[in-house]
Amino acid sequence: MTNPQELAQAFSEMFGAQPRIFRAPGRVNLIGEHTDYNEGFVMPAAIDYFSFVAIAPREDRTITARSDNFPETAELNLDRPMKGRKHWSDYPLGVAVKLEEAGHRLKGADLLIHGDVPIGSGLSSSAAIEVSTALALLDNAGLSIDRLDLAKICQKAENEYVGIRSGIMDQFIACFGKKDTAVMLDCRSLESTPLPLPEDVKLVACNTMVKHQLASSEYNARREECEEGVRILSKHLPNIKSLRDVSIAELGRFGSDLSDVVYRRCRHVITENDRVLRAATALRNGEVSRFGKLMAQSHQSLRDDYEVSCKELDLMVEFANETPDCIGARMTGGGFGGATINLVNSSKVDEFTVHVAKRYADATKIQPEIYVCSAADGADRVLVKDRLPFPACCIRLRP
Ligand code: ADP
Ligand code: MG
């Protein structure tokens with residue numbers, strides 16, 4: 001499938017009806033890692049890789065969902081909602097269940113999903129599916145809701161129905177992404193600041209293609225270490241609610257009560273929040289190389305203080321930094337594998353991808369996947385006649 005017409009065609013052959021089509025983007029996070037659950041700052045951008053949902057109404061109160069990326073049709077009776085069952089369809093069906101729980105009465109529908117966001121690569125195909133499905137289901141029922149509420153309902157679907165303890169960033173940026181723009185998000189107030197990106201840079205995600213077992217247990221351990229840091233520091237700083245409220249000077253003054261490990265975890269979060277704010281200033285002032293240096297510091301802090309990197313991520317960053325047109329490179333996501341995010345001069349993006357792919361494959365014997373992206377708008381309806389290609393304008397390089 002290469003464009004919305006083909007999705008509409010496949011849908012009408014399957015269900016005998018003309019669908020309406022909705023799409024939502026994946027995302028990259030430029031800086032601000034492991035800060036979201038500490039009520040801090042992140043800086044995602046929606047990307048021009050999308051998930052698409054084609055939808056047409058049914059007479060009953062059943063939702064059926066198919067995806068051309070997964071086998072098996074899934075069904076949900078809106079009057080007898082079942083629990084998540086560890087199936088790909090938990091994401092779209094969970095959104096239907098949570099919309100109803102929030103008081104939005106839906107109508108039955110057939111859904112056909114087509115995703116161009118690489119799945120499980122840290123580009124948030126999950127939020128793209130959730131948000132595009134939510135828009136489709138609401139439109140099908142003749143409803144519209146506030147976008148922030150929509151993002152929160154999608155997050156709830158992922159937290160409670162799928163059972164993944166994730167923050168609001170992915171759903172937020174899938175709803176509020178803006179073309180050629182990164183968005184700084186305050187994860188406490190949910191206030192956001194658009195930050196136009198320089199015209200001549202690409203957002204390049206390099207997938208290590210590894211995911212070490214440790215990832216989820218270590219994620220939970222980091223959250224607990226941050227909570228322990230807050231508990232101990234609050235003896236001296238009674239007004240703090242999270243690491244967001246602690247300055248680096250205060251950590252220096254009162255950190256002697258913390259174990260070495262907890263001290264370093266706190267130092268990462270506190271300095272990372274500061275780096276996001278400074279990165280925003282750098283973007284506003286057009287200081288791209290300053291932005292790149294902050295990305296490099298973020299990677300070092302994640303590697304040394306937060307200890308969530310791994311050999312493959314470090315190599316990917318090292319090889320990126322060998323190229324003169326890489327402005328900044330760092331690991332992104334939870335860590336222990338997954339992807340790096342790189343800011344690269346547009347005119348040299350081919351040289352960059354070829355160099356990094358070759359060096360990484362030689363060193364690890366693993367072929368990476370590299371996604372060259374531009375910042376894109378958030379979720380929307382797609383008119384079938386628009387003849388947009390899938391995906392809008394990017395190259396997926398599989399060396
Ligand atoms: P990611 O980093 O891509 O968000 P997740 O593990 O959070 O990785 O989400 C991936 C899951 O989202 C898939 O296993 C599947 O359940 C769902 N999903 C993503 N894209 C699609 C798709 N195109 N069709 C059906 N389900 C999808
Ligand atoms: Mg996800």
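Indexing begins at 1, ligand by ligand and atom by atom, following the structure's order. Only a predicted model underlies this, so the values are computations on that prediction, with no experimental measurement involved. Nothing fancy with the numbering, it's 1 onward along the sequence.
Note: H236 and F254 have parallel aromatic rings, judged against thresholds of 30 and 60 degrees for the angle between ring planes.
Looking at atom 4 (O) of ligand 1, its nearest protein heavy atom turns out to be S126 OG, 2.9 Å. Here the protein heavy atom with the shortest distance to atom 18 (N) of ligand 1 is I129 CG1, 3.8 Å. The shortest contact between atom 15 (C) of ligand 1 and any protein heavy atom is with F70 CZ, 3.8 Å. Of the protein's non-hydrogen atoms, the one nearest atom 19 (C) of ligand 1 is S125 OG, 3.1 Å. With hydrogens left out, the protein atom closest to atom 2 (O) of ligand 1 is G122 N, 3.2 Å, a heavy atom. Looking only at heavy atoms of the protein, atom 23 (N) of ligand 1 is closest to N69 OD1, 3.0 Å.
A donor-acceptor contact under 3.5 angstrom links the side chains of D110 and T64, judged on distance only. A donor-acceptor pair shorter than 3.5 Å cannot be found between the side chains of R290 and T281. Inspection of the S124 and R27 side chains reveals no N or O donor paired with an N or O acceptor under 3.5 Å. Under the 3.5 Å distance criterion, with hydrogens and angles disregarded, a donor-acceptor pair is assigned to the side chains of Q9 and E13. In the model, T35 has no side-chain atom that pairs as donor or acceptor with a side-chain atom of N38 under 3.5 Å. With 3.5 Å as the limit, one finds no donor-acceptor pair spanning the side chains of D36 and H34.
Every atom of ligand 1 is numbered from 1 in the order shown, and the set under 4.0 Å from a heavy atom of P118 is 3 (O). Close approach of ligand 1 to G115 is summarised as follows: ligand atoms under 4.0 Å from at least one heavy atom of the residue are 23 (N).
E227 and R231 are not joined by a salt bridge, as no carboxylate oxygen comes within less than 4.0 angstrom of a charged side-chain nitrogen.
At least one side-chain heavy atom of E272 sits under 4.5 Å from a side-chain heavy atom of S298.
Ligand 1 has no atom lying under 4.0 Å from any heavy atom of P92. At least one heavy atom of S124 sits less than 4.0 Å from an atom of ligand 1.
Of the options L195, L30, V201, L197, a side-chain contact (heavy atoms from CB on, under 4.5 Å) to F291 is made by L30 and by none of the others.
Contact annotation for S67 and ligand 1: only side-chain heavy atoms (C-beta onward) come within less than 4.0 Å of the ligand. Contacts between I113 and ligand 1 below 4.0 angstrom, taking non-hydrogen atoms only, involve the side chain exclusively. With a 4.0 Å cut-off on non-hydrogen atoms, Y91 touches ligand 1 through its side chain and not its backbone.
The ring of H212 has its center no closer than 6.0 angstrom to the ring center of F336. When ring centroids are compared, H355 and F352 stay outside the 6.0 Å threshold.
For R80, the side chain to side chain contact (heavy atoms under 4.5 Å, CB included) partners at least two apart in sequence or on another chain are N77.
Here's the thing with W88: one of its N/O atoms is less than 3.5 angstrom from an N/O atom of ligand 1. At under 3.5 Å, not a single nitrogen or oxygen of I119, backbone or side chain, sits near a nitrogen or oxygen of ligand 1.
Distances shorter than 2.8 Å separate the Mg ion (ligand 2) from the protein N/O/S atoms S126 OG.
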